[in-house]
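One structure is given here, and the rest of the page talks about it.
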Protein chains: 2
Amino acid sequence: MAEQLSLAAVRGALIREEDSIVFALIERARRPRNAPAYYAPDAGTDDGRSLAEFFVREAEALHAKTGHYEKPEDVPFFPQDLPSPLFPIKGYPKVLHPFASSVSVNDAIWKMYFNELLPLFTVDGDDGYYAETVALDFACLKALSRRIHYGKYVAEVKFKDAPQDYSPLIHAKGTDALMNLLTFKAVEEKVKKRVEKKARIFGQNVTLEDGVDKHEGSADDSECKVNPKVLSELYDRWVMPLTKDVEVEYLLRRLD
Amino acid sequence: MAEQLSLAAVRGALIREEDSIVFALIERARRPRNAPAYYAPDAGTDDGRSLAEFFVREAEALHAKTGHYEKPEDVPFFPQDLPSPLFPIKGYPKVLHPFASSVSVNDAIWKMYFNELLPLFTVDGDDGYYAETVALDFACLKALSRRIHYGKYVAEVKFKDAPQDYSPLIHAKGTDALMNLLTFKAVEEKVKKRVEKKARIFGQNVTLEDGVDKHEGSADDSECKVNPKVLSELYDRWVMPLTKDVEVEYLLRRLD
């Protein structure tokens, strides 16, 4: 990403992230809701944290040991006390303002994922396979967080393309005006249509019997592993607004 | 799985695992080979283990703490000294011979994955993002291992359907005869065709410009994120033979 900072490259990366998000949701949808994975246990197990929180904290510590979270789009959900890398790290070109690494909307992503999104694409039920479930949740959270924090690159590219438009708004701390400048309704509608289509294609049950792959629209959405409409809703209500929050937060400090 | 042990249910599970394997390979193919992740470092870092081995060992320890590796299809690559679960585990119905949990071909999967498969579907190169790379490898290894160790259920179902055919071969320790009895060339050809088709569908670049989704075959395979032929080769050379190794190993102890 960082190597070739252009709007085309950033857009390409965002489009590729859509596939990862759709794959991760399809995988999580293999298991039912499994609510006990999200309750804080009575006591005795890791400070009363839920299994999901325990897993994400520990997994992030492990990822940090291997050198993850060096790129500005890889943002941990629990950044406190992450261990240092145990293996040598290859540096990456720094193309963003140094402030970029501290921009995070992960608290909002966490709440959105568990409180709003999960009930939309998982079946109510409890099969007891909580360990597998929380590992699949972590994959969804990571993919969503990375997509949303790519907003830092989007903001940098847009700023560089038109500093004369952005600088006065940044100096005036014009959050709403910045948000307006970053919003392109027609583009957003295309993104929503594309992720919906991806859910339809990647979530179909592929059989050899069909000579041809399913037309878009001819497949019954109820046969898809994740309802395609959930993807357009996810992008409309959360992914794109949170990405723009990241962009605004980044831009407000861009001239510091 | 265990709840409804029938050939149809086992086949359904195997088919669903194909999607997970294709998704995992597509995700890994985002990064180039990144060979340094697989070298043993000079010294000083975790007993001279490669980053990949370090990550898989630590990730498996974490998964074990959350209660993973209780199902016979979930087999760790490094079973020695795995920690005990820290969270309560819901039992699963035991439908296999107790010996099932000790059947593992993970050493062969590990060697196959790193030495043979990885060069087939990743681009030669080094982008330095080793932490992300080994996490993606772990996802591939887990998906392949689970698919292959489902062979335990396949074997149990086939044995239960025709104990009169299997028992004499088991008593005679007839490995080759058992392998013959478990081999259905026509089924294997169908599986290879299906995984190839899945790679073509799930690995395409979805755009809104196509009014219809791509026909099988009309898409250029070189545009797919993973070459579909690699999937049929993977299944032909390794997944199906290793699954049958699991089946034979399970059956040889089925009457103990």
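Only heavy atoms go into these numbers, but all of them, side chains included; no hydrogens, no water, no symmetry mates. Note on naming: letters A, B, ... go to the chains in the order of the sequence lines (proteins, then strands), and numbering restarts at 1 for each one. Bear in mind that the values here come from a model prediction, so they are computed numbers and not experimental data.
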Notebook entry, point to check: Side chains of Y129(A) and E70(B): does their closest heavy-atom pair fall under 4.5 Å?
Noted result: no
Item checked: Close side-chain approach of V206(A) to E18(B), heavy-atom, < 4.5 Å -> no
Check: What residues form a salt bridge (Lys or Arg N to Asp or Glu O under 4.0 Å) with K192(A), not counting sequence neighbours?
Finding: E189(A), D236(A)
Between [atom1] of [X] and [atom2] of [Y], what distance do you get to the nearest 0.5 Å?
{"X": "T66(B)", "Y": "E132(A)", "atom1": "OG1", "atom2": "CD", "result": "10.0 Å"}
{"X": "S20(A)", "Y": "F23(B)", "atom1": "OG", "atom2": "CZ", "result": "11.0 Å"}
{"X": "L62(A)", "Y": "F138(B)", "atom1": "CG", "atom2": "CZ", "result": "9.0 Å"}
{"X": "L86(A)", "Y": "R49(B)", "atom1": "CG", "atom2": "CZ", "result": "12.5 Å"}

Thinking salt bridges, do [X] and [Y] make one under a 4.0 Å N-O criterion?
{"X": "R30(B)", "Y": "E17(A)", "value": "yes"}
{"X": "E209(A)", "Y": "R194(B)", "value": "no"}
{"X": "R16(A)", "Y": "E27(B)", "value": "yes"}

Check: Where does F202(B) contact chain A at under 4.5 Å (heavy atoms): side chain, backbone, both or neither?
Finding: both
Check: Does K65(A) make a cation-pi contact with F54(B) (under 6.0 Å, within 45 degrees of the axis)?
Finding: no
Atom group of [X] that falls short of 4.5 Å from chain B, counting heavy atoms:
{"X": "I26(A)", "answer": "both"}
{"X": "D126(A)", "answer": "both"}
{"X": "K190(A)", "answer": "both"}
{"X": "A59(A)", "answer": "both"}

Next item on the list: Not counting sequence neighbours, which residues clear ring-ring contact (aromatic ring centres under 6.0 Å, His included) with Y38(B)? List them please.
Entry: F114(B)
Next item on the list: Might you point out which heavy atoms bring A131(B) and H68(A) nearest each other, and give the distance in Å?
Entry: CB-N, 3.5 Å
Item checked: Nearest atoms (heavy-atom pairs only) where K197(A) meets T207(B) -> NZ-O, 2.7 Å
Note to self: Is the distance from the ring center of F55(B) to that of H63(A) below 6.0 Å?
What the structure shows: yes
